[in-house]
Number of protein chains: 2
Amino acid sequence: MIPALTDHLGYWLRLVSNHVSHRFARLLDAKGVTVAEWVVLRELHDVPSLAPSRLAERMGMTRGAISKLADRLIAKSLVDRQDNPDDGRGHSLALTPAGRRLVPALARLADANDAACFKSLTPRERASIEAAMRKIVAARGLKNIPTT
Amino acid sequence: MIPALTDHLGYWLRLVSNHVSHRFARLLDAKGVTVAEWVVLRELHDVPSLAPSRLAERMGMTRGAISKLADRLIAKSLVDRQDNPDDGRGHSLALTPAGRRLVPALARLADANDAACFKSLTPRERASIEAAMRKIVAARGLKNIPTT
DNA sequence: TCAATATAGTTGACAAGGAAACTATAGCGA
DNA sequence: TCGCTATAGTTTCCTTGTCAACTATATTGA
């Protein structure tokens, strides 16, 4: 007997995770930003600047993808790219003032999306799911995984 | 204060879900099949045939995507497309014998992937996560959600 | 009956990421 | 010191999805 798609926990995780991400993408769209762009803005918010390679590691994306993502954010004047004076190869990425100003509103959307998507779960359930996910992340040695 | 990315349950779900899907994709790659193609094969396995539109609904993809996905599966001789004799607009998709023969091996990969990814959880934990995901699916009226 | 509309499927333009090749610079070691 | 190798970033090509326009066929109702 062939197992059903729904027999796999991965199926349910993917179903819900994709829903949450798509819903968030629609919210962000009103601000003219994608999910990947939000993640970059959030990562850059707490640091003075970050090298594209470091960002790629943190986000689990290739350097090529980060290069293009940075291009798009620069085109939107949300991020600034500078040469690294200490290393002729390196760049550094940082928020522009406009990028920084945008972050709080995006964070509110992230909060709202999470709350709406998981409101049918009790706080206990939410906590135990987070704990389980963290356990998997630890057990499988995940750092960060591609968005796609 | 701006919430961290990790403050959202959606973040953890996405991290784990993407890892599980990517790992599965790598396993399937050895059989020359993508995750989306596996889903089509599995959907077609239990029915005599299915219209592309119905498949699009079940998989949460657009008709355009299904059209191209079917093209690829037909090129691999895993799926067959026929005109619907009752409706000049409609087609029907069905597994070829080769497609049907491939399914059990792919199903074993799906089982193995799920087992490996979630082995750090107890059966109780796995069951409660599935229940929580089903609750969200019900509460939010999800049918099926885009893969991407 | 037949025009208006709805549905099935395909196609083309575009988006966004991965892989690998490529350029430039750093840094190590004989 | 100089050549080898490693690292930083960019770019090109490929994949796979969406969206919207398009063709063809069905269906509906005045």
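Residue numbers begin at 1 in each chain, while the letters A, B, ... track the order of the sequences.
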Legend entry - Nearest listed nucleotide, side chain of A:Pro52, among D:dG9, D:dT18, C:dG17: D:dG9
Legend entry - Under the salt bridge (Lys or Arg N to Asp or Glu O under 4.0 Å) test, residues paired with A:Asp87 that sit two or more places apart: A:Arg89
Legend entry - Side chain of A:Ala36 - closest among C:dT10, C:dG17, D:dG9: C:dG17
Inset, instruction - Send over the distance from A:Arg54 CZ to D:dG9 C1', rounded to a whole Å. - result: 12 Å
Inset, instruction - For the side chain of B:Lys68, starting at C-beta, report the closest nucleotide among C:dA16, D:dC19, C:dG9. - result: D:dC19
Inset, instruction - Kindly give the heavy-atom pair with the smallest separation between A:Ile66 and A:Pro52, and that separation in Å. - result: CG2-O, 3.8 Å
Legend entry - Distance in angstrom units between B:Leu55 CG and C:dG9 C1', rounded: 13 Å
Inset, instruction - To the nearest Å, give me how far apart CD (B:Gln82) and C1' (C:dA8) are. - result: 17 Å
Inset, instruction - Drop me the distance from B:Thr122's OG1 to B:Glu125's CD, to the nearest 0.5 angstrom. - result: 3.5 Å
Inset, instruction - Could you state the atom-to-atom distance from CG of B:Asp83 to P of D:dA24 in whole Å? - result: 14 Å
Legend entry - From D:dG9, C:dG9, D:dG17, nucleotide with atom closest to B:Arg63 side chain: C:dG9
Inset, instruction - Would you mind reading off the distance between A:Asn84 atom CG and D:dG9 atom P, rounded to a whole angstrom? - result: 8 Å
Legend entry - Rounded interatomic separation in angstrom, taking CE from A:Met61 and P from C:dA20: 17 Å
Inset, instruction - List the atom of A:Gly32, the atom of A:Glu37, and the distance in Å for their closest heavy-atom pair. - result: O-OE1, 4.0 Å
Inset, instruction - Give me the residues of residues 85-92 of chain B where at least one heavy atom lies under 4.0 Å from an atom of DNA chain D, by number, or none. - result: B:Asp87, B:Gly88, B:Arg89
Legend entry - 5′-ward residue of the pair B:Ala65/A:Arg72 relative to DNA chain C: B:Ala65
Legend entry - N or O in side chain of B:Ser53 less than 4.0 angstrom from C:dG9 OP1/OP2: yes
Inset, instruction - Find the distance A:Leu50:CG to D:dG9:C1' and express it as a whole number of Å. - result: 14 Å
Inset, instruction - Under the salt bridge (charged side-chain N to carboxylate O under 4.0 Å, His left out) rule, what do B:Arg134 and B:Glu130 come out as? Steps first, then yes or no, please. - result: CA-CA 6 Å; B:Arg134 283 182 185 269; B:Glu130 179 180 326; 2.9 Å; yes
Legend entry - Gap between atoms CZ and P, on B:Arg81 and C:dG9 respectively (whole Å): 10 Å
Legend entry - Heavy-atom side-chain contact between A:Phe24 and A:Asp114 under 4.5 Å: no
Inset, instruction - Can you figure out which of D:dT18, C:dG18, C:dT10 approaches the side chain of A:Thr62 most closely? - result: C:dG18
Legend entry - Heavy-atom side-chain proximity of A:His19 to A:Val16 below 4.5 angstrom: no
